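The structure presented is a predicted model; accordingly, all values stated were derived computationally and were not measured. Protein chains get the first letters and strands the later ones, always in sequence-line order, with residue 1 at the start of each.
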Amino acid sequence: MRVLLVEMDTHTYPFYLKACAKCFDVREGERVHGIVVRNGFEALVFVQNALVHLYSACGMAESGYRLFEEMPERNRVTWNSVINGFAINGRPNEVMTLFREMGFEGVLPDGFTMVSLLTACVELGALALGRRAHVYLLKIGLNKNLHVGNALIDLYAKCGSIGEAHCIFNEIGVRSVVSWTSLIVGLAVNGFGKEALDFFKELEEEGLVPSDITFIGVLYACSHCGMVDEGFAYFKRMKEEYSIVPKIEHYGCLVDLLGRAGFVQEAYEFVQNMALKPNAVVWRTLLGSCMTHGHLALGEVVRARLLQLEPKHSGDYVLLSNLYASEGRWSDVQTVRRNMFQKGLRKSPGHSLVELKNHVHEFLMGDKSHSQRKEIYKMLEDVMKKLKVEGYVPRLSNVLADIEEEEKENTLSYHSEKIAIAFMLINTKPGSPIRVVKNLRVCVDCHLAIKLISKIYDREIIVRDRSRFHHFRDGICSCKDYW
DNA sequence: ATAGGGTTAG
């Protein structure tokens with residue numbers, strides 16, 4: 001996009017910069033930024049705000065922030081633009097800090113601010129913090145704001161409190177398709193696929209038009225519930241009834257739908273024949289299915305494609321290595337490991353977050369840094385003892401190394417989610433639910449162990465992992481072991 | 001006249 005900049009005045013720049021932001025054309029935006037400076041308009045707050053928005057919206061939150069720092073005059077929009085920049089670029093801690101600073105400067109938050117704040121809470125999985133934000137915005141009457149309502153649905157759903165998400169949905173007077181989509185996606189990631197599809201049906205009965213994102217939620221629900229035929233039927237309806245052109249994300253869902261259900265060869269054929277060029281995520285989905293269902297030969301083929309597309313993705317090395325490990329091919333495991341280390345790649349360390357009395361505690365794998373470490377490890381030993389009485393046998397194939405069996409067992413018992421759960425068993429009242437947010441996917445062994453812990457200690461345990469929720473209760477998980 | 005928001009496959 002490029003137009004002649006004759007006759008551009010101070011009123012035109014914001015319009016034009018907004019357009020640049022909308023098509024992520026940061027280069028053109030920078031060019032205009034230069035012109036603005038040369039013409040001496042850089043101190044005008046409207047122009048400045050448009051520039052902060054441009055950088056924030058194009059993934060350059062830091063650049064937006066640098067401008068913000070230099071601004072002689074700021075208003076609420078300036079604050080909102082820079083805060084939102086951090087919110088949409090995955091920097092929740094900066095959002096929290098700036099929100100506080102905004103308050104110190106006497107600038108009152110509005111709906112825009114609260115949406116950014118809620119987005120940051122979602123990112124952190126900080127349910128208690130999100131609830132405080134909710135209470136606050138009730139006080140200032142912002143709960144009537146549709147965008148805020150939708151952000152609240154997302155907050156509660158993504159923090160595993162689907163009942164509260166439901167309440168918010170019911171309280172919204174006039175809902176948009178986004179309200180419905182947020183709830184459908186929320187139900188789907190929490191393992192309530194059937195309910196998600198019921199809501200989709202209701203949405204249609206209300207005469208609303210689902211969006212491409214609504215269909216991502218629907219396809220996600222199908223793939224996580226093993227509804228293969230239904231998924232393809234929805235995909236067909238999406239194209240034919242709603243004239244939505246499928247995006248790579250939709251194809252990704254279908255690959256997952258097939259692969260997850262064990263149709264791994266079919267998934268591979270689907271990838272080769274689909275209308276869009278498969279990206280790394282699609283190939284990675286397929287590699288995940290190869291891993292789950294033990295298709296070693298195909299896994300190696302898929303791995304080769306991934307190496308061409310994204311040679312530096314450490315997660316792919318881990319997946320392949322686990323695939324070899326599950327077949328007991330330890331020398332291949334070693335080769336992959338060595339390969340990975342030689343390229344300077346490291347497995348991203350697993351960590352788990354839990355919220356206790358307005359504080360977020362973080363635990364790493366094998367963490368021994370916590371002030372309560374003695375009690376925690378004593379509790380862990382107790383837990384492991386009780387698990388074994390219940391017939392628990394550690395599943396070791398997921399461990400990335402061909403170390404001695406005993407040592408492997410040790411490594412597993414110290415996975416961050418187990419430590420976090422032990423910490424919460426010590427510090428919370430019997431019977432109260434335990435919520436854990438994990439950065440990686442929960443492994444088979446932890447999944448089995450947590451199921452048993454939920455039964456033995458009579459606790460509801462809600463784990464949000466990298467891709468979905470697990471609600472553990474009475475020894476079973478909402479994912480029905482299909483995740 | 002001019003600036004800002006929510007839902008998105010692994």
Trainee: OP1 or OP2 of B:dT8 versus the side-chain N and O atoms of A:Lys158: is any pair under 4.0 Å?
Mentor: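 Answer is yes, contact under 4.0 Å.
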Trainee: Ignoring the backbone of A:Glu249, work out which of B:dA9, B:dT2, B:dG5 is nearest its side chain.
Mentor: B:dA9
Trainee: Classify the nucleic acid contact of A:Thr181 as base, sugar-phosphate or nothing, counting any heavy atom under 4.0 Å across all strands shown.
Mentor: base
Trainee: Which whole-number value in Å describes the distance from A:Leu276 CG to B:dT8 P?
Mentor: 21 Å
Trainee: Can you identify which nucleotide, out of B:dA9, B:dG10, B:dA3, has its nearest atom closest to the A:Ile248 side chain?
Mentor: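 Nearest listed nucleotide: B:dA9.
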Trainee: Heavy atoms under 4.0 Å, any strand shown: does A:Val178 hit a base, just sugar-phosphate, or nothing?
Mentor: base
Trainee: May I ask you to say what A:His313 touches in the nucleic acid, namely base, sugar-phosphate or nothing, with a heavy-atom cut-off under 4.0 Å?
Mentor: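 Result for A:His313 = nothing.
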Trainee: Ring centroid separation for A:Phe469 and A:His224, is it under 6.0 angstrom?
Mentor: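 No: the rings miss the under 6.0 Å criterion.
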Trainee: Atom CG of A:Asp154 to atom C1' of B:dG5: distance rounded to whole Å?
Mentor: 13 Å
Trainee: What is the nucleic acid contact for A:Ile184, judged by heavy atoms within less than 4.0 Å: base, sugar-phosphate only, or nothing?
Mentor: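 Counting heavy atoms under 4.0 Å across all strands, no contact is made by A:Ile184.
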Trainee: Give the nucleotide from the list B:dG10, B:dT7, B:dA3 with an atom nearest to the side chain of A:Asn75.
Mentor: B:dA3
Trainee: Do the ring planes of A:Phe235 and A:Tyr251 sit parallel (below 30°), tilted (30 to 60°) or perpendicular (above 60°)?
Mentor: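 Rings of A:Phe235 and A:Tyr251: perpendicular, as their planes differ by over 60°.
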Trainee: Verify the neighbour count for atom OH of A:Tyr242: are there more than 12 heavy atoms of other residues, nucleotides or ligands below 6.0 Å?
Mentor: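 Check passes, neighbour count above 12.
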Trainee: Among B:dT8, B:dA3, B:dA9, which is the nearest nucleotide to the side chain of A:Val281?
Mentor: B:dA9
Trainee: Any salt bridge linking A:Arg131 with A:Glu355? Criterion: basic side-chain nitrogen under 4.0 Å from a carboxylate oxygen.
Mentor: no
Trainee: Side chain of A:Ser467 only, heavy atoms from C-beta on: which candidate in B:dT7, B:dA9, B:dG10 is closest?
Mentor: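 That would be B:dG10.
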Trainee: With sequence neighbours left out, which residue pairs that include part of residues 35-59 of chain A fulfil the salt bridge (charged side-chain N to carboxylate O under 4.0 Å, His left out) condition?
Mentor: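 Listed by first then second residue: nothing to list.
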Trainee: Between B:dA1 atom C1' and A:Tyr16 atom OH, what is the distance in whole Å?
Mentor: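 A:Tyr16 atom OH is separated from B:dA1 atom C1' by 19 Å.
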Trainee: Give a yes/no answer on whether the side chain of A:Arg284 brings an N or O atom under 4.0 Å of OP1 or OP2 in B:dA9.
Mentor: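 So the side chain of A:Arg284 is outside the cut-off, no N or O lying under 4.0 Å from OP1 or OP2 of B:dA9.
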Trainee: Could you walk me through whether A:Arg66 and A:Glu69 pass the salt bridge (charged side-chain N to carboxylate O under 4.0 Å, His left out) check?
Mentor: CA-CA 5 Å; A:Arg66 274 197 297 273; A:Glu69 278 185 307; over 6 Å; no
Trainee: For the CD atom on A:Glu70, are there more than 12 heavy atoms of other groups (residues, nucleotides or ligands in this structure) within a distance under 6.0 Å?
Mentor: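 Counting other residues, nucleotides and ligands, CD of A:Glu70 stays at 12 neighbours or fewer.
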Trainee: Regarding A:Asp316, tell me which of base, sugar-phosphate or nothing describes its non-hydrogen contacts under 4.0 Å with the strands shown.
Mentor: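 Since no nucleic acid heavy atom lies under 4.0 Å of A:Asp316, the category is nothing.
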Trainee: Listed in order of residue number, which residues of residues 45-55 of chain A have a non-hydrogen atom at under 4.0 Å from DNA chain B?
Mentor: A:Phe46, A:Asn49, A:His53
Trainee: Got a sec: does the CZ of A:Arg27 have more than 12 other heavy atoms crowding it under 6.0 Å?
Mentor: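 No - once you tally the heavy atoms of other residues, nucleotides and ligands closer than 6.0 Å, there are 12 at most.
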Trainee: Describe the nucleic acid contact of A:Arg260 in one word from base, sugar-phosphate, nothing, applying a heavy-atom distance below 4.0 Å.
Mentor: sugar-phosphate
Trainee: Do the side-chain N or O atoms of A:His250 get closer than 4.0 angstrom to the phosphate oxygens (OP1, OP2) of B:dG10?
Mentor: no
Trainee: Are more than 12 heavy atoms from other residues, nucleotides or ligands located less than 6.0 Å from atom NZ of A:Lys343?
Mentor: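 Above 12, so yes.
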Trainee: Report yes if the side chains of A:His470 and A:Ile462 come closer than 4.5 Å at any heavy-atom pair, otherwise no.
Mentor: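 Contact flag for A:His470/A:Ile462 side chains = no.
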Trainee: Evaluate the ring planes of A:Tyr136 and A:Phe99, with Trp represented by its six-membered ring, and classify them as parallel (under 30°), tilted (30 to 60°) or perpendicular (over 60°).
Mentor: perpendicular
Trainee: Identify which nucleotide among B:dT8, B:dA9, B:dG10 has an atom closest to any side-chain atom of A:Cys253, counting heavy atoms from C-beta outward.
Mentor: B:dA9
Trainee: Measure from the side chain of A:Val148, starting at C-beta and using heavy atoms only, and say which of B:dA3, B:dG5, B:dA9 lies closest.
Mentor: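 Closest of the options to the side chain of A:Val148: B:dG5.
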Trainee: Can you check the A:Asn279 CG to B:dT8 P distance for me, whole Å?
Mentor: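 To the nearest whole Å, that distance equals 18 Å.
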Trainee: Identify, residue by residue, the members of residues 110-126 of chain A with a heavy atom below 4.0 Å from DNA chain B, and return them in order of residue number, or none.
Mentor: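 Result for residues 110-126 of chain A: A:Asp110, A:Gly111, A:Phe112, A:Val115, sorted by number.
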Trainee: In whole angstrom, give the distance that lies between atom CD1 of A:Ile168 and atom P of B:dT7.
Mentor: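 After rounding, the reported distance stands at 15 Å.
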Trainee: If you check the A:Asp256 side chain, which of B:dT2, B:dG10, B:dT8 turns out closest?
Mentor: B:dG10
Trainee: Hey, can you pull the residues of residues 187-206 of chain A with a non-hydrogen atom under 4.0 angstrom from DNA chain B?
Mentor: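 DNA chain B contact set from residues 187-206 of chain A: none.
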Trainee: Give a yes or no answer on whether the side chain of A:Arg464 reaches the backbone of A:Lys158 with a donor-acceptor pair at less than 3.5 Å.
Mentor: yes
Trainee: Provide, to the nearest angstrom, the distance between the CD atom belonging to A:Glu73 and the C1' atom belonging to B:dT2.
Mentor: 14 Å
Trainee: Counting side-chain heavy atoms from C-beta on, which of B:dG10, B:dA3, B:dT8 comes nearest to A:His224?
Mentor: B:dG10
Trainee: Write down the distance between NZ (A:Lys22) and C1' (B:dG5), rounded to a whole number of angstrom.
Mentor: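 Going from NZ in A:Lys22 over to C1' in B:dG5 covers 12 Å.
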Trainee: Could you walk me through whether A:Glu249 and A:Tyr220 pass side chain to side chain donor-acceptor pair (under 3.5 Å), step by step?
Mentor: CA-CA 10 Å; A:Glu249 287 88 346; A:Tyr220 183 99; over 6 Å; no
Trainee: Answer yes or no on whether A:Arg303 is positioned over the face of A:Tyr317, meaning its NZ or CZ is under 6.0 Å from the six-membered ring centre and within 45° of the axis.
Mentor: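 Yes, cation above the ring, under 6.0 Å and within 45°.
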Trainee: Name each donor-acceptor pair under 3.5 Å that joins a side chain in residues 138-145 of chain A to protein atoms two or more places apart or in another chain, with its distance.
Mentor:
residue	atom	partner	partner atom	Å
A:Asn145	OD1	A:His147	N	2.8
A:Asn145	OD1	A:Val148	N	3.2

Trainee: Side chain of A:Asn84, heavy atoms from C-beta onward: which of B:dT2, B:dG5, B:dT8 has the nearest atom to it?
Mentor: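 Closest nucleotide to the A:Asn84 side chain: B:dG5.
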Trainee: Quick one: A:Tyr234 OH to B:dA9 C1', roughly how many Å, whole number?
Mentor: 18 Å
Trainee: Heavy atoms under 4.0 Å, any strand shown: does A:Leu146 hit a base, just sugar-phosphate, or nothing?
Mentor: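 Base contact.
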Trainee: Answer yes or no: is there a donor N or O on one side and an acceptor on the other, between the side chain of A:Glu230 and the main chain of A:Cys222, under 3.5 Å?
Mentor: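 No.
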Trainee: Listed in order of residue number, which residues of residues 92-104 of chain A have a non-hydrogen atom at under 4.0 Å from DNA chain B?
Mentor: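 None, since no heavy atom is under 4.0 Å.
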